[in-house]
Protein chains: 2
Amino acid sequence: MSVDQEKTSPRRQARGERRIAQLLEAAANVFCTTGYTASSTNAIAREAGVSPGTLYQFFPNKEAIAIELGDRLIHQMRETTGEALAAVDPSTPLEEAIGTLVDRFTAFSCQHPVFFALMHGPDIPGRLTEEHDALHAHLLGQVEALIAAFLPGAPAADVTRTAHLCLGLYKAGLELVLSHEGSERDAYVRELKNVLIRYLEPLLTEYRATADLTTTRTP
Amino acid sequence: MSVDQEKTSPRRQARGERRIAQLLEAAANVFCTTGYTASSTNAIAREAGVSPGTLYQFFPNKEAIAIELGDRLIHQMRETTGEALAAVDPSTPLEEAIGTLVDRFTAFSCQHPVFFALMHGPDIPGRLTEEHDALHAHLLGQVEALIAAFLPGAPAADVTRTAHLCLGLYKAGLELVLSHEGSERDAYVRELKNVLIRYLEPLLTEYRATADLTTTRTP
DNA sequence: GCGAAACGCGAGCGATCTCTCGTGTTTGCC
DNA sequence: GGCAAACACGAGAGATCGCTCGCGTTTCGC
């Protein structure tokens, strides 16, 4: 298990690891401004201050650069969202739960703008699409579980649809948040929270009404 | 005014007009599945069943194909949205107004899936970006006017932000609507309406409360 | 029916992009 | 110090794409 941490890769020196990090950072910048397809490997190498040959010393092809970059971002995203979602207590008010979730999620996206650019472009390589779909499915499952915790007994199809809506609405809000700065950005974060709260609140009160009805009916 | 309806274009025969329509339809298909940048002009010509040379008989370059296609779609979109938004009466219930607007907008997008693909890709040509931005600004202005009609006296910055949110939320919902079919699609349309209604309703009641307060204060 | 112009073809030019290769340099280990 | 391996270079091979050009075909006005 400890031998060869990567599949059939040459033994890396510290210098190589630094180059890889340097190349990935350059790739993030280039992808962010140009998009995946339109970005050339020569441009990435130039941005990193190395020759095209050096780039291919560490990555077999262009797709592998995006894959590695995406893998690292997805891994960080999974950790961030996992921690944030697991920390939610269904007995707390909905407003508070959504507030902290949106704050943590937006903080991550603001720190890694390339994540949004890479994952939502129409021209990303197939492998990354699969991994992003997996992340999205994972996230969807967690949100579904959370919604089910707030609304126990709701039909599965409705829970799934609501979870899809929540993620979609968050993405739309995030786009607006990322395209503004300073106090205006904060205002959009506030509005995004309002959207989610107002969309979900009625479901909660509706559920409680029917639950009360059931308990009074069966004493 | 009646002479040369296009700038310095050769006199078109009926056959040429048919070829143009045929090429634009082929381009719509190819753009829809491959995206703009990744689509090759040879692929478009092949899809249309003509030679690359024939394609360049009618379009000076690849960008012009996307421009012409985008222009026609944007024109149709402007007409559709213009009619729909102008027909809204601020005295009707919010629920009804949003219901008809969402229905009309989604109907258009379902009929022209390439519109969504062309306008929201990160790799579209500059000219189209400008026109899409113009369309978006136009749409934003109309939505702002509508919101201002429902909420007279609200601060301009808030109205603008709310309009941005509405368009963004609609876009997010549309994506979910387009990715489903049949009854599930209908369910997402219903939920999209709910999102918008629940987001906007509190603004309305809040405004009315302050308006009542003002009127009682100044008899 | 005849001439001009619009239409149609497809090989291929030039530019660009990904990726390779031969060679030279630096690093880790004895 | 010396050797093997990792690192670095950059010219260019090979492939693709946008677009052109020369020539043959169809259509229109007269």
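Naming: A, B, ... by sequence-line order, numbering from 1 per chain.
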Tested for side-chain contact (heavy atoms from CB on, under 4.5 Å) against B:Leu196, the lone hit among B:Leu165, B:Ile98, B:Leu94 is B:Ile98

State whether B:Glu68 and B:Arg72 are salt-bridged, where the test is any N-O pair (Lys NZ or Arg NE/NH1/NH2 against Asp/Glu carboxylate O) under 4.0 Å.
yes

Are A:Glu95 and A:Lys193 close enough for a salt bridge, meaning some N to O gap below 4.0 Å?
-> no

Could you give the [atom1]-to-[atom2] distance, from [X] to [N], as a whole number of Å?
{"X": "A:Gln13", "N": "D:dA8", "atom1": "CD", "atom2": "C1'", "result": "12 Å"}
{"X": "A:Arg18", "N": "C:dT27", "atom1": "CZ", "atom2": "C1'", "result": "11 Å"}
{"X": "B:Arg11", "N": "D:dC28", "atom1": "CZ", "atom2": "P", "result": "9 Å"}

Do [X] and [Y] touch side chain to side chain, with heavy atoms closer than 4.5 Å?
{"X": "A:Leu128", "Y": "A:Met119", "value": "yes"}
{"X": "A:Ile67", "Y": "A:Phe59", "value": "no"}
{"X": "A:Arg161", "Y": "B:Glu184", "value": "yes"}

| query | Between B:His164 and A:His180, how do the two ring planes meet: parallel, tilted or perpendicular, split at 30° and 60°? | reply | perpendicular

Of the listed nucleotides C:dG8, D:dG10, D:dA6, the one nearest the side chain of B:Arg19
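The answer is C:dG8.
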
In residues 22-51 of chain B, what residues come within less than 4.0 Å of DNA chain D, judged by heavy atoms?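 Result for residues 22-51 of chain B: B:Ser39, B:Ser40, B:Thr41, B:Asn42, sorted by number.
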
Requested in this report: For DNA chain D, find the residues of residues 54-67 of chain B with a heavy-atom distance under 4.0 Å and give them by number; none if there aren't any.
Outcome: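 Under 4.0 Å from DNA chain D: B:Tyr56, B:Asn61, B:Lys62.
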
Expected list for residues 105-115 of chain B: side-chain donor-acceptor pairs under 3.5 angstrom, two or more places apart:
{"from": "B:Thr106", "atom 1": "OG1", "to": "B:Val102", "atom 2": "O", "distance (Å)": "2.7"}
{"from": "B:Thr106", "atom 1": "OG1", "to": "B:Asp103", "atom 2": "O", "distance (Å)": "3.0"}
{"from": "B:His112", "atom 1": "NE2", "to": "B:Gln76", "atom 2": "OE1", "distance (Å)": "3.3"}

Exercise for review: Remember a base hit wins even if backbone is also touched, and classify B:Gly53 as base, sugar-phosphate or nothing at under 4.0 Å, heavy atoms.
Suggested key: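 Base contact - B:Gly53 has a heavy atom under 4.0 Å of at least one base atom.
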
Residue pair B:Arg15/B:Pro52 against DNA chain D: nearer the 5' end by closest nucleotide is B:Pro52

